[in-house]
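The chains referred to below are lettered A, B, ... by the order of the sequence lines, with proteins before strands, and numbering in each begins at 1. Any value given below was found using the heavy atoms of this structure, including those in side chains, with hydrogens, waters and symmetry copies removed. Just so you know, these numbers come straight off a predicted model, no measurement behind them.
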Protein chains: 2
Amino acid sequence: MKTIPENLLTSISKVAPLSGDPLELFINAAQKQIVKKGDYLLQEGNRCNHIWFVETGSCRGVHDNGNKEINTDFYFENTFITNLKSLRGNEPSAYNIQAMETSILRRWHKDELLALYGQSPDIAAFGRLWLEQLLIAQEAHMHWLKKYTPEERYQSVLSDSPELIQRVTLTQLSSYLGVSRETLSRIRRRIQ
Amino acid sequence: MKTIPENLLTSISKVAPLSGDPLELFINAAQKQIVKKGDYLLQEGNRCNHIWFVETGSCRGVHDNGNKEINTDFYFENTFITNLKSLRGNEPSAYNIQAMETSILRRWHKDELLALYGQSPDIAAFGRLWLEQLLIAQEAHMHWLKKYTPEERYQSVLSDSPELIQRVTLTQLSSYLGVSRETLSRIRRRIQ
DNA sequence: GGGCTTTTGTGTCAAACGTCACATAAACTG
DNA sequence: CAGTTTATGTGACGTTTGACACAAAAGCCC
């Protein structure tokens, strides 16, 4: 058994308890991958074949929209990443997943992951719980978008996710909040 | 084995193939429930204990926001409903699920469903695939919200989900699209 | 550190939106 | 079918936003 970073174990246990053989099976199925700033984990048009775990660094999910980018997700340390629609539907990805800085990742191939689901009910349960958490977070994000004004949304990022403001450019954050770059710049001035 | 509506079988098979004993187990675990227009399947503040399947009729997911309602989901025939955050987190629901008309439902209790996951890998796989589809749909909905203007969003509902316009009031649709009732009324005039 | 690139701030203007108020139309109910 | 309630249309007005243009600041690289 290879040496395993503590953070990966902690992150797994936050999703579902996994130990013994299933844990070993799951972790040994991962490969290490190092990406530089700007590298793509997944490019629009290609099929997504992996699930990644961010050990260090950060990535973003970004849609091309004409001459603009729409940032839909930011992934920091100790989070899992994938494009489920492309991965499970075996179809071209509608967006990019890109490293925002040099990052160390671990990745699982989808075929291997599916095989693991068949081998171990514990790993299958882990997969289901992970999906549940993703879906819950996604629903919360959508309600948040509809319920609050752009200014309120920025306020809540300030108080609830200050890390985002430290690690993401204002331009990137603006599309995440659903406003133009200029408007976010003015919101920031109004507030401070 | 009770008589089972064709539609339920079809809807199940659209998520994942399920047959024989697991299918029978799953279907027999459901109870019939009939609700009248305006009845709540789930009220804000209460815990969600069920997953429902809409046999006939329709329901909506609706958030109370001060003196306004925000409609976040519409559920028509042959769809599954639940509030996953409340169901899995065992916490009070942040919103209501309400019948929009007299409806016939089937429902599964969460405890029974969890037991079924343990009993049958096929049912567990079904649960996971259902979550995957929900998550994929949810992500698509969010990208759609950020990518298009209110007018474009109305246009796409017109062409892609005309049923929505037939079966939902303009006021309900407006909060789903993320605009005021008056703005949607004017968009509709501009277009037609 | 100097030059280049990227990011952010800001002024101006037109368009879109939300809110309030009220009129009209449609649906429900007894 | 008459009365009531609910849903929708519309006018007026102020505010917010997006788009464009350009300046200032920050970050990056040789």
Side-chain angles (χ1 to χ4, degrees), chain A residues 36-39 57-58 60 62-71 74 96 98-103 145-158 162 164-192, chain B residues 35-39 57-58 60 62-71 74 96 98-103 144-158 162 164-192:
Chain A
K36 291 198 298 284
K37 177 175 180 171
D39 283 355
S58 57
R60 62 173 182 150
V62 56
H63 286 239
D64 253 47
N65 189 26
N67 49 1
K68 280 192 184 161
E69 289 184 338
I70 301 177
N71 291 271
F74 299 109
N96 306 287
Q98 188 183 35
M100 296 197 290
E101 55 191 310
T102 297
S103 304
L145 272 179
K146 284 187 181 172
K147 194 167 182 174
Y148 300 107
T149 65
E151 179 161 337
E152 289 170 330
R153 296 203 287 273
Y154 179 70
Q155 286 275 21
S156 74
V157 168
L158 260 182
L164 255 189
I165 297 177
Q166 304 303 322
R167 301 186 65 177
V168 151
T169 69
L170 177 138
T171 306
Q172 290 168 348
L173 185 61
S174 69
S175 63
Y176 181 77
L177 296 178
V179 296
S180 72
R181 180 187 67 79
E182 295 92 330
T183 295
L184 181 56
S185 174
R186 288 174 182 124
I187 285 173
R188 174 185 273 183
R189 179 178 51 176
R190 280 207 296 274
I191 287 176
Q192 286 167 351
Chain B
V35 289
K36 292 199 297 286
K37 177 174 181 173
D39 283 356
S58 58
R60 62 174 182 149
V62 56
H63 286 239
D64 253 48
N65 189 26
N67 48 2
K68 281 192 184 158
E69 289 184 338
I70 300 177
N71 291 273
F74 299 110
N96 307 289
Q98 188 183 33
M100 295 198 291
E101 56 189 309
T102 297
S103 305
W144 175 77
L145 272 178
K146 285 185 179 172
K147 193 167 181 174
Y148 300 108
T149 65
E151 179 160 336
E152 289 169 329
R153 295 202 288 272
Y154 179 71
Q155 287 275 22
S156 74
V157 168
L158 260 181
L164 255 189
I165 296 175
Q166 303 302 322
R167 300 185 65 178
V168 150
T169 70
L170 177 139
T171 306
Q172 290 168 348
L173 185 60
S174 69
S175 63
Y176 181 78
L177 296 179
V179 295
S180 72
R181 179 187 66 80
E182 295 91 334
T183 296
L184 181 56
S185 174
R186 289 175 180 122
I187 285 173
R188 175 185 274 184
R189 180 178 50 176
R190 280 206 298 272
I191 286 176
Q192 287 169 348

Please confirm whether the shortest side-chain N or O distance from [X] to OP1 or OP2 of [N] is below 4.0 Å.
X	N	answer
B/Arg190	C/dC17	yes
A/Thr183	D/dG18	yes
B/Arg188	D/dT8	no
B/Lys68	C/dT19	yes
B/Thr149	C/dA16	no
A/Ser185	C/dG9	yes
B/Thr171	D/dT8	yes

Stepwise salt bridge (charged side-chain N to carboxylate O under 4.0 Å, His left out) check, B/Lys147 with B/Glu152: CA-CA 9 Å; B/Lys147 193 167 181 174; B/Glu152 289 169 329; over 6 Å; no

Between [N] ([atom2]) and [X] ([atom1]): distance, integer Å:
X	N	atom1	atom2	answer
B/Glu152	C/dC17	CD	P	10 Å
B/Arg189	C/dA16	CZ	P	13 Å
A/Ile187	C/dG9	CD1	C1'	14 Å

Judged by nearest nucleotide, the residue sitting upstream toward the 5' end of DNA chain D, B/Gln172 or A/Ser180, is B/Gln172

Base, sugar-phosphate or nothing for B/Glu182? Non-hydrogen atoms, less than 4.0 Å.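 The residue B/Glu182 makes base contact.
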
Base of C/dG9, side chain of A/Arg181 - is there a donor-acceptor contact under 3.5 Å?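 Under the 3.5 Å cut-off, the side chain and the base do form a donor-acceptor pair.
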
If you take atom types as modelled and just measure distance, does the side chain of A/Arg186 reach the base of D/dG18 with a donor-acceptor pair under 3.5 Å?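 Not at all, since no donor on one side and acceptor on the other fall under 3.5 Å apart.
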
